[in-house]
Amino acid sequence: MALLAQDSAVPCALVALTVFRAPAWACLICFTSYKERTRICQIFAGIQGPELEKCQEAFSSAFADLADIEISEETCHSPPGSWDYDERSHLHDAFTQMTHSLQEIAAAQGSFNVAFPDAAEKMRKVIMKLKGAQACVPPCGFQDVARRFLCYGCYSKACNFPLDCPGERRGLEGEETDLTVTRGQQAKFSCTVNFQLPKEEITYSWKFAGGGLRTQDQSYFRDIPRAQGYLARIRPVQPTHSGTFSCSILHDQRPVARLYFFLNVTSAPPRGEIELQVSFRKVLRWAPKETETLEPWRPSLGELLARPEALTPGNQCLLAALAAVASASATLMVWVFFRWYFKGN
């Protein structure tokens with residue numbers, strides 16, 4: 001027997017005891033009828049009598065008292081005697097072949113004390129090769145790929161989870177995924193689950209409950225015809241889009257899971273603030289360019305005289321003439337003033 005982890009030794013041991021004795025006997029009851037088992041014993045021991053009863057007891061004992069079956073830790077994750085639902089046909093074929101083989105042995109005057117243990121050992125090997133059912137992934141959804149078949153009761157069982165999936169916000173069950181978007185922006189919803197979906201015949205259906213309503217009551221929702229994929233976008237978002245959006249995942253028109261998204265639309269900033277933000281962005285993007293401006297040069301008399309080429313002989317004569325004219329003009333004005341003054345007195 002394979003070694004188990006120490007912390008799971010006790011529960012796995014209990015499971016092992018059940019697996020050793022129960023699955024083959026439960027599957028025998030499931031895939032063979034009482035009439036078929038009785039018919040096999042009648043071929044071995046006759047229509048009636050004590051040998052018939054011994055044969056029936058030997059049949060039951062052979063399948064109830066199997067030798068030890070090797071078990072691994074993975075077996076502890078699934079109920080004993082449960083396998084992938086697709087393995088049901090393999091089990092059915094194996095038990096049908098077994099009954100035919102036992103009938104042939106009985107017709108050849110074989111011993112049921114030898115035939116039954118051999119048949120049980122062959123079925124044990126068949127059962128150990130079956131593919132186990134996939135584990136259910138909580139917390140929601142009808143997970144058909146994890147459907148398992150149980151020989152106990154001869155029925156199939158799916159994961160016992162609610163159809164409605166909890167929201168992402170705080171991870172609380174029954175709570176929608178909240179999304180807050182500013183008016184005029186884009187809202188995006190992704191209708192995905194954390195368990196495996198069938199590869200074919202998967203469709204998506206979207207619904208909406210407006211008026212800012214937060215609900216999971218399907219009576220408040222109306223269909224959104226144009227939304228058909230797993231991804232939904234709304235742009236630009238308007239206040240009328242406030243409310244709860246519901247996405248249903250369907251497999252062959254049967255609901256697999258439902259998700260809810262609550263959209264809260266906030267008002268856009270005032271117009272003045274928007275214009276200020278636009279101007280601020282323009283300033284951030286603006287790179288000033290260096291420009292050259294040509295202006296006329298208007299030097300002073302001192303700047304002109306300070307230049308090396310200013311005091312040439314011609315310029316000196318010009319300056320002397322200007323000084324003489326200025327002096328004569330000043331003398332004339334003084335003479336005119338004094339004449340006018342003394343003449344008046």
Engineer: Are Leu52 and Gln42 packed together at the side-chain level, in the sense that at least one heavy-atom pair is separated by less than 4.5 angstrom?
Structural biologist: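 Touching, per the 4.5 Å side-chain cut-off.
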Engineer: Sequence neighbours excluded, which residues qualify as side-chain contact (heavy atoms from CB on, under 4.5 Å) partners of Cys159?
Structural biologist: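 Cys136, Gln143, Ala146, Phe161.
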Engineer: Could you tell me which non-hydrogen atom of Ala119 sits nearest to which non-hydrogen atom of Leu102, and how far apart they are?
Structural biologist: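 Looking at all heavy atoms of both residues, the closest pair is CB-CD2, 4.1 Å.
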Engineer: Should the pair Tyr230 and Tyr204 be assigned to parallel (<30°), tilted (30 to 60°) or perpendicular (>60°) ring geometry?
Structural biologist: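 Tyr230 and Tyr204: tilted rings.
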Engineer: Got a sec: does the CD of Gln97 have more than 12 other heavy atoms crowding it under 6.0 Å?
Structural biologist: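 Open: at most 12 neighbouring heavy atoms sit under 6.0 Å from CD of Gln97.
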Engineer: Would Phe44 and Phe116 count as a ring-ring contact (aromatic ring centres under 6.0 Å, His included) here? Give the steps.
Structural biologist: CA-CA 11 Å; Phe44 272 114; Phe116 290 156; 5.5 Å; yes
Engineer: Drop me the distance from Leu259's CG to Leu163's CG, to the nearest 0.5 angstrom.
Structural biologist: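 Output value for this atom pair is 9.5 Å.
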Engineer: Evaluate Leu250 against Ile202 for side chain to side chain contact (heavy atoms under 4.5 Å, CB included), listing each step before the verdict.
Structural biologist: CA-CA 6 Å; Leu250 308 173; Ile202 290 293; over 6 Å; no
Engineer: If we only count heavy atoms from C-beta on, is the Phe149 to Cys30 side-chain gap below 4.5 Å?
Structural biologist: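 Phe149 reaches Cys30 side chain to side chain.
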Engineer: Nearest 0.5 Å, please: how far is NE2 in His92 from OG1 in Thr32?
Structural biologist: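 Separation between the atoms: 10.0 Å.
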Engineer: What I'd like to find out is whether the side chain of Glu36 reaches to under 4.5 Å of the side chain of Thr38, using heavy atoms alone.
Structural biologist: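 They are not in side-chain contact.
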Engineer: Side chains of Ser219 and Asp217: is there a donor and an acceptor less than 3.5 Å apart?
Structural biologist: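 Checked: Ser219/Asp217 side chains pair up, N/O donor to acceptor below 3.5 Å.
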Engineer: Going by side-chain heavy atoms closer than 4.5 Å, which hydrophobic residues are tied to Leu213, directly or by a chain of links?
Structural biologist: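 Tyr220, listed by chain and number.
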Engineer: Under the criterion side chain to side chain contact (heavy atoms under 4.5 Å, CB included), I'd like the reasoning laid out for Met98 against Met123: C-alpha separation, chi angles, the key distance, then a yes or no.
Structural biologist: CA-CA 8 Å; Met98 182 202 70; Met123 292 310 303; 3.6 Å; yes
Engineer: Among Phe261, Phe189, Phe262, Phe221, exactly one meets ring pair (Phe, Tyr, Trp, His ring centres under 6.0 Å) together with Phe245. Which residue is that?
Structural biologist: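 So, applying the ring pair (Phe, Tyr, Trp, His ring centres under 6.0 Å) to Phe245 and each of Phe261, Phe189, Phe262, Phe221, only Phe189 qualifies.
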Engineer: Leu332: which other cluster members, linking ILVMFWY side chains closer than 4.5 Å, directly or transitively?
Structural biologist: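 The other cluster members (ILVMFWY side chains, heavy atoms under 4.5 Å, direct or chained) are Trp335, Val336.
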Engineer: When you group the ILVMFWY residues by side-chain heavy-atom contacts below 4.5 Å and let the links chain together, are Val114 and Phe63 in the same group?
Structural biologist: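 No, separate clusters.
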Engineer: Closest heavy-atom contact between Arg233 and Gln186?
Structural biologist: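 Heavy atoms only, the tightest pair is CD-OE1, 3.8 Å.
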Engineer: Should Ile43 and Phe59 be counted in the same cluster of Ile, Leu, Val, Met, Phe, Trp and Tyr side chains packed under 4.5 Å apart?
Structural biologist: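 Different clusters: Ile43 never reaches Phe59 through Ile, Leu, Val, Met, Phe, Trp or Tyr contacts under 4.5 Å.
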Engineer: What distance do Phe112 atom CZ and Lys54 atom NZ have between them, rounded to the nearest 0.5 Å?
Structural biologist: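 Nearest 0.5 Å value for the CZ-NZ distance: 7.5 Å.
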Engineer: Should Leu322 and Val325 be regarded as members of a common hydrophobic cluster, given that ILVMFWY residues are connected when their side-chain heavy atoms come within less than 4.5 Å of each other, either directly or indirectly?
Structural biologist: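 In one cluster: no.
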Engineer: When you measure from the side chain of Trp206 to the backbone of Ser248, do you find a donor-acceptor pair of N or O atoms at a distance under 3.5 Å?
Structural biologist: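 Not confirmed, Trp206 side chain does not pair with Ser248 backbone.
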Engineer: How far does CD1 of Ile127 sit from NZ of Lys129, to the nearest 0.5 angstrom?
Structural biologist: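 Separation between the atoms: 12.5 Å.
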Engineer: Inspect the surroundings of CZ in Arg39 and state if more than 12 heavy atoms from other residues, nucleotides or ligands are less than 6.0 Å away.
Structural biologist: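 Atom CZ in Arg39 is not packed in, count stays at 12 or less.
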Engineer: Decide whether Gln185 and Arg235 meet the rule of one side-chain donor and one side-chain acceptor closer than 3.5 Å.
Structural biologist: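 Note: Gln185 and Arg235 side chains miss the donor-acceptor criterion.
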Engineer: Decide yes or no on side chain to side chain contact (heavy atoms under 4.5 Å, CB included) for Met128 and Lys125, but give the supporting numbers first.
Structural biologist: CA-CA 5 Å; Met128 291 306 298; Lys125 294 179 180 179; 5.9 Å; no
Engineer: Going through the distances and angles, do Arg183 and Ser267 end up as a side chain to side chain donor-acceptor pair (under 3.5 Å)?
Structural biologist: CA-CA 6 Å; Arg183 177 181 179 179; Ser267 300; over 6 Å; no
Engineer: Examine distances only and state if a side-chain atom of Asp223 and a backbone atom of Pro225 form a donor-acceptor pair shorter than 3.5 Å.
Structural biologist: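 Not confirmed, Asp223 side chain does not pair with Pro225 backbone.
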Engineer: Which heavy atom in Gln56 sits nearest to a heavy atom in Tyr34, and how many Å separate them?
Structural biologist: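 Looking at all heavy atoms of both residues, the shortest contact is NE2-OH, 4.1 Å.
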Engineer: Do Arg37 and Ile29 have side chains that get closer than 4.5 Å, going by heavy atoms?
Structural biologist: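 Yes, close enough: below the 4.5 Å cut-off.
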Engineer: Given the rule in the side chain to side chain contact (heavy atoms under 4.5 Å, CB included) test, do Gln218 and Ser246 qualify, once you have shown the distances and angles that lead to the verdict?
Structural biologist: CA-CA 9 Å; Gln218 289 295 307; Ser246 171; 3.7 Å; yes
Engineer: Hey, is the main chain of Glu57 close enough, under 3.5 Å, to the side chain of Ser60 for a donor-acceptor pair?
Structural biologist: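 Pair absent, no side-chain N/O of Ser60 close to backbone of Glu57.
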Engineer: Over all heavy atoms of both residues, which pair between Pro236 and Gly184 is shortest? Give the atoms and the distance, please.
Structural biologist: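 That would be CB-O, 3.6 Å.
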Engineer: Heavy-atom distance under 4.5 Å between the side chains of Arg258 and Gln216, does that happen here?
Structural biologist: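 No, every pair of side-chain atoms sits at 4.5 Å or beyond.
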Engineer: Does Val181 reach the side chain of Leu179, with side-chain heavy atoms less than 4.5 Å apart?
Structural biologist: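 Of all side-chain heavy-atom pairs linking Leu179 with Val181, at least one is under 4.5 Å.
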Engineer: Roughly how far, to the nearest 0.5 Å, is the OH atom of Tyr260 from the SG atom of Cys191?
Structural biologist: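 The SG atom of Cys191 sits 11.0 Å away from the OH atom of Tyr260.
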Engineer: Given side chains that start at C-beta, do those of Phe142 and Pro255 come closer than 4.5 Å, heavy atoms only?
Structural biologist: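 No, too far: nothing below the 4.5 Å cut-off.
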Engineer: Counting C-beta onward and ignoring hydrogens, is there a side-chain heavy-atom pair between Val265 and Leu263 closer than 4.5 Å?
Structural biologist: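 Of all side-chain heavy-atom pairs linking Leu263 with Val265, at least one is under 4.5 Å.
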Engineer: I need the minimum non-hydrogen distance between Pro198 and Val145, along with the two atoms involved.
Structural biologist: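 That closest heavy-atom pairing would be N-CG1, 4.2 Å.
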Engineer: Which residue, Val256, Val137, Ile249, forms the side-chain contact (heavy atoms from CB on, under 4.5 Å) with Val193?
Structural biologist: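 Among Val256, Val137, Ile249, the one meeting side-chain contact (heavy atoms from CB on, under 4.5 Å) with Val193 is Ile249.
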Engineer: For Thr203 and Gln253, work out which heavy atoms get closest and say how close.
Structural biologist: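 What the structure gives for the nearest pair is OG1-NE2, 4.4 Å.
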Engineer: Would you give the length of the straight line joining atom OG of Ser101 to atom NZ of Lys122, rounded to the nearest 0.5 angstrom?
Structural biologist: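 Those atoms lie 5.0 Å apart.
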Engineer: May I ask you to say whether Arg214 pairs ionically with Asp178, meaning some side-chain N is under 4.0 Å from a carboxylate O?
Structural biologist: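 Salt bridge: yes.
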Engineer: Please tell me whether Leu231 and Val237 are part of a single hydrophobic cluster in this structure, the criterion being side-chain heavy atoms less than 4.5 Å apart.
Structural biologist: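 Result: yes, single cluster for both.
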